[in-house]
Structure formats: C-alpha cells, structure tokens
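Take a look at the structure set out below.
Both backbone and side-chain heavy atoms feed into the values below; hydrogens, waters and symmetry mates do not. Values in this document were obtained by computation on a predicted structure and should not be read as measured data. Just follow the structure's listing: the first ligand is 1, and inside any ligand the first atom is 1.
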Amino acid sequence: MSVIDKSSVPVALTIAGSDSGGGAGIQADLRTFAFHCVHGTSAITCVTAQNTVLVTRVDALPVDAVVAQIEAVVTDIGVQAVKTGMLLTAEIIAAVAQQVEVLKLNNLVVDPVMVSRTGAVLINDEAMATLQNVLIPKATIVTPNRYEAQLLSGLQLHTLDDMRAAAQRIHQLGAKAVLVKGGGMQGNLRGVDVWFDGHKLETLKTAVVDTSNTHGTGCTLAAAIAANLALGCDRLSAVQKAKDYVTTALRYSLAIGQGQGPVGHFFPLLQENTP
Ligand SMILES: Nc1ncnc2c1ncn2[C@@H]1O[C@H](COP(=O)(O)OP(=O)(O)OP(=O)(O)O)[C@@H](O)[C@H]1O
Ligand SMILES: Cc1ncc(COP(=O)(O)O)c(N)n1
C-alpha cells in the first residue's frame with residue numbers, strides 16, 4: 001500500500017443509513033474508505049435497528065438534517081467522490097439529487113438500495129420512481145443488484161445475457177455507467193457482474209466465495225468504487241479493484257450473530273500482519 005501525502009488525502013462522502021449491527025450502511029462505508037486510505041465523511045439519512053437476522057425499526061432523519069450534513073462536509077472539507085446507499089424516502093432522494101446539482105458533486109456512485117438480495121422490498125413506489133427519474137440520471141456509476149436491475153429494466157434476470165440486456169436498458173436512464181451485480185443470481189453466476197458504459201460491455205468474474213456471511217457486500221462494493229474514484233482511478237478500473245476487495249472481504253467474512261454475518265473489511269490486513 002502506498003504512503004499517502006497527508007496534505008492531499010482524498011476525501012469521500014457516504015450518504016446512507018446507519019446499521020446498528022455494523023455490517024452494512026454507513027459503518028461498512030467508513031471502514032471501506034479507511035481501508036483505502038481515503039478520509040471518510042458521512043451524511044446519515046436514517047437509523048436502522050438491525051442485526052444479522054432482521055431489521056426491526058427504521059427512523060428517517062428530517063430532510064433538512066440530511067442536507068445540512070452534506071453542506072457542512074462539502075463546503076469546508078470538499079469531496080472527490082460520493083456514494084449513496086439507503087436513502088429511504090422520495091423527499092430525501094430528491095434533496096440529495098438537488099445537492100448533487102447545487103454543490104456540483106462529481107464521481108457519484110449510486111447504490112440504488114430498493115430491494116434486498118433476498119427480494120424484500122425496502123422502499124415505497126414513490127421513492128423508487130424518484131430514484132429512477134431524479135438521482136440515477138446524475139450517477140457516474142449505478143450499481144443495482146439482481147432484483148433492483150429487474151425493477152429498473154423491466155426484464156427478468158436468469159442468464160448472463162439477461163444481465164447484459166438489463167445493463168444496457170438501465171444505461172438509458174442516464175447514468176454514465178451501470179454495474180449489474182450478480183450476488184443474487186443462481187449457480188456460477190453468483191459473483192459475476194456486468195458493466196456497461198455506453199461503449200464497453202464487460203463481464204467481471206470472480207470465483208464464488210462459499211459463505212452465507214454476505215451482509216454488506218453491496219454497500220462495500222459501492223463504497224470501494226467511490227474510494228478508488230477519489231484516488232483517481234478511471235471508472236472501470238475503480239470497479240475492478242473494488243470487486244477484488246469485496247471478494248477478499250467475503251473470504252474473511254465474520255460468522256457473528258445468528259444470521260448473515262458481515263464481510264471482513266480489515267481482516268485481510270490484520271491476518272497478514274499477525275505473527
Ligand atoms: N458468494 C459470493 N462470491 C463472490 N462474490 C459475491 C458473492 N456474493 C456477492 N458477490 C459479489 O458482491 C458484490 C455485491 O453484490 P450483491 O449482488 O451481493 O449486492 P447487494 O444485493 O446489493 O448486496 P447485499 O447482499 O449486501 O444487499 C458483487 O460484486 C457480487 O458479484
Ligand atoms: C443501513 C443499511 N443500508 C443498506 C443495507 C443493504 O446493505 P447491503 O446491500 O450492502 O447488504 C442495509 N442492510 N442497511
């Protein structure tokens with residue numbers, strides 16, 4: 001890992017929800033930024049009471065509290081990349097999109113958190129429509145999972161060709177690039193992602209990691225992409241490096257709690273440095 005010049009440390013902002021279980025959301029994003037030697041800042045949209053098994057409560061923050069956090073960070077510290085995660089309501093999504101415009105935020109990675117990898121719907125129809133029509137068109141990269149890609153493309157995803165067709169359809173929403181993630185696919189498509197940026201259609205493959213401790217993979221991938229963009233990578237190499245990171249974090253995932261444990265953000269490093 002290279003030594004960072006502290007006078008020009010890259011900064012990334014996550015706009016997302018808090019996960020009390022520490023596996024996804026803001027907690028995953030900040031650990032991912034730190035692993036990449038990128039200073040992490042945050043604007044919290046909602047607070048979830050959540051563990052490895054279920055979410056028992058979600059409280060949204062007032063829209064102006066979300067906006068104030070973004071303004072406070074950007075107007076003083078400045079950010080080189082932004083990642084959005086669980087935005088929850090149409091009002092918060094619209095306000096975030098407005099801030100992207102007003103504050104001229106670049107390198108925007110939108111993880112369109114709408115449906116969990118298991119198919120559970122997380123936000124209402126109005127919020128989905130706002131995400132699709134107002135925020136995704138501003139994205140540098142949008143990273144839907146299987147079910148989100150189905151909703152955004154209107155296609156059913158069973159095969160690699162379906163994933164490719166969906167990536168091309170979703171690109172028409174206006175995002176500069178699309179990464180359709182394969183964690184929710186069946187068989188050896190689990191772990192295969194498809195990239196489309198209007199020119200290149202690429203298949204990103206990795207060996208499937210055989211673990212049920214996959215909580216936070218989507219957040220971690222999007223945050224790692226944002227970190228790599230903040231470090232100056234081009235879009236596709238930011239995604240390729242992020243995918244390698246998630247694969248390693250999955251290999252070091254943690255069997256904690258009774259359900260799906262989190263990926264191990266720092267464990268590769270700790271393992272390597274343990275005598
Ligand atoms: N078992 C696995 N082995 C290898 N890679 C995986 C596995 N599961 C997920 N991935 C990868 O993890 C990344 C996140 O994809 P996934 O489809 O899981 O997103 P998500 O549904 O948003 O995440 P989450 O399960 O956290 O909600 C993708 O690059 C995907 O290919
Ligand atoms: C606060 C929060 N944000 C996002 C997710 C989805 O996480 P992931 O898709 O990475 O499992 C989550 N479970 N909780």
Side-chain angles (χ1 to χ4, degrees), residues 14-32 42-61 83-88 92 109-123 141-151 157 160 163 166 179-195 202-225 238-253 257 259-263 265:
T14 169
I15 307 173
S18 163
D19 170 3
S20 54
I26 291 281
Q27 288 82 355
D29 297 344
L30 292 178
R31 282 204 297 274
T32 301
S42 61
I44 297 180
T45 56
C46 60
V47 176
T48 71
Q50 179 175 179
N51 55 30
T52 63
V53 180
L54 78 176
V55 179
T56 55
R57 179 171 169 144
V58 182
D59 291 286
L61 258 75
K83 177 244 158 165
T84 68
M86 191 167 177
L87 300 179
L88 200 66
I92 293 177
V109 182
V110 174
D111 183 10
V113 178
M114 302 193 291
V115 190
S116 77
R117 185 217 292 238
T118 50
V121 176
L122 302 172
I123 62 176
I141 304 174
V142 61
T143 62
N145 66 20
R146 178 189 185 183
Y147 296 102
E148 291 154 351
Q150 289 187 163
L151 279 174
L157 270 59
L160 183 59
M163 293 174 78
L179 185 76
V180 173
K181 300 176 293 191
M185 300 296 289
Q186 300 295 316
N188 56 11
L189 281 180
R190 209 169 132 217
V192 173
D193 302 341
V194 170
W195 163 270
E202 299 265 341
T203 304
L204 282 70
K205 291 188 178 160
T206 185
V208 175
V209 182
D210 189 16
T211 176
S212 56
N213 299 316
T214 57
H215 185 52
T217 49
C219 299
T220 301
L221 180 77
I225 296 171
V239 168
Q240 283 162 332
K241 283 170 191 258
K243 184 154 180 58
D244 289 344
Y245 174 61
V246 169
T247 306
T248 308
L250 272 164
R251 289 202 186 104
Y252 287 88
S253 59
Q260 294 194 325
V263 298
H265 293 99

Checking a contact table here: which protein heavy atom is nearest atom 2 (C) of ligand 2, and how many Å away?
M86 SD, 3.6 Å

G183 heavy atoms within 4.0 Å reach ligand 1 at atoms 8 (N), 9 (C), 16 (P), 17 (O), 18 (O), 30 (C)

Per-atom contacts of ligand 1 with G184, taking only distances under 4.0 Å to non-hydrogen atoms
17 (O)

Under 4.0 Å from ligand 1, counting heavy atoms only, is it the side chain of K243, its backbone, both or neither?
side chain

Salt bridge D29-R31, side-chain N to carboxylate O under 4.0 Å
no

Looking at side-chain heavy atoms only, is the closest gap between L61 and T45 below 4.5 Å?
no

Under a 3.5 Å cutoff, is there a donor and acceptor pairing between the side chains of T220 and H265?
yes

Numbering the atoms of ligand 1 from 1, which are under 4.0 Å from a heavy atom of L250?
2 (C), 3 (N), 4 (C), 5 (N), 6 (C), 7 (C), 10 (N)

Give yes or no for whether the N/O distance cutoff of 3.5 Å, strictly under, is met between V208 and ligand 1.
no

I'd like to know whether T14 forms a side chain to side chain donor-acceptor pair (under 3.5 Å) with S42, so could you lay out the CA-CA distance, the side-chain angles of the two residues, the decisive distance to 0.1 Å, and finally the verdict.
CA-CA 5 Å; T14 169; S42 61; over 6 Å; no

Minimum distance, heavy atoms only, to atom 5 (C) of ligand 2: which one of G23, S20, G216, A24 is it?
A24

Any N/O of G218 closer than 3.5 Å to an N/O of ligand 2?
yes

Which is it for T56 and Q50 under the side chain to side chain donor-acceptor pair (under 3.5 Å) test, yes or no, and what are the steps along the way?
CA-CA 6 Å; T56 55; Q50 179 175 179; over 6 Å; no

Which atom pairs, donor and acceptor, lie under 3.5 Å between side-chain atoms of residues 180-188 and protein residues at least two apart or in another chain?
{"unit_1": "K181", "atom_1": "NZ", "unit_2": "D111", "atom_2": "OD1", "d": "3.3"}
{"unit_1": "K181", "atom_1": "NZ", "unit_2": "T143", "atom_2": "O", "d": "3.0"}

Pull out every atom of ligand 1 sitting under 4.0 Å from any heavy atom of V246, numbered as shown with elements.
12 (O)

Is any side-chain heavy atom of V239 closer than 4.5 Å to one of L204?
yes

Pairs touching residues 238-247 that satisfy salt bridge (Lys or Arg N to Asp or Glu O under 4.0 Å), sequence neighbours left out
D193-K243

Atom indices of ligand 2 within 4.0 angstrom of T217 heavy atoms, with elements:
10 (O)

Give yes or no for whether the N/O distance cutoff of 3.5 Å, strictly under, is met between C219 and ligand 2.
yes

Closest non-hydrogen atom pair between L88 and C46, with its separation
CD2-CB, 3.9 Å

S18 versus ligand 2: do any nitrogen or oxygen atoms come within less than 3.5 Å of each other?
no

Is it the side chain, the backbone, both or neither of D193 that has a heavy atom closer than 4.0 Å to ligand 1?
side chain

the protein heavy atom lying closest to atom 13 (N) of ligand 2 turns out to be Q50 OE1, 2.8 Å

Within a distance under 4.0 Å of any heavy atom of R190, pick out the atoms of ligand 1 and give their elements.
1 (N)

Which atoms of ligand 1 are found less than 4.0 Å from any heavy atom of G216?
26 (O)

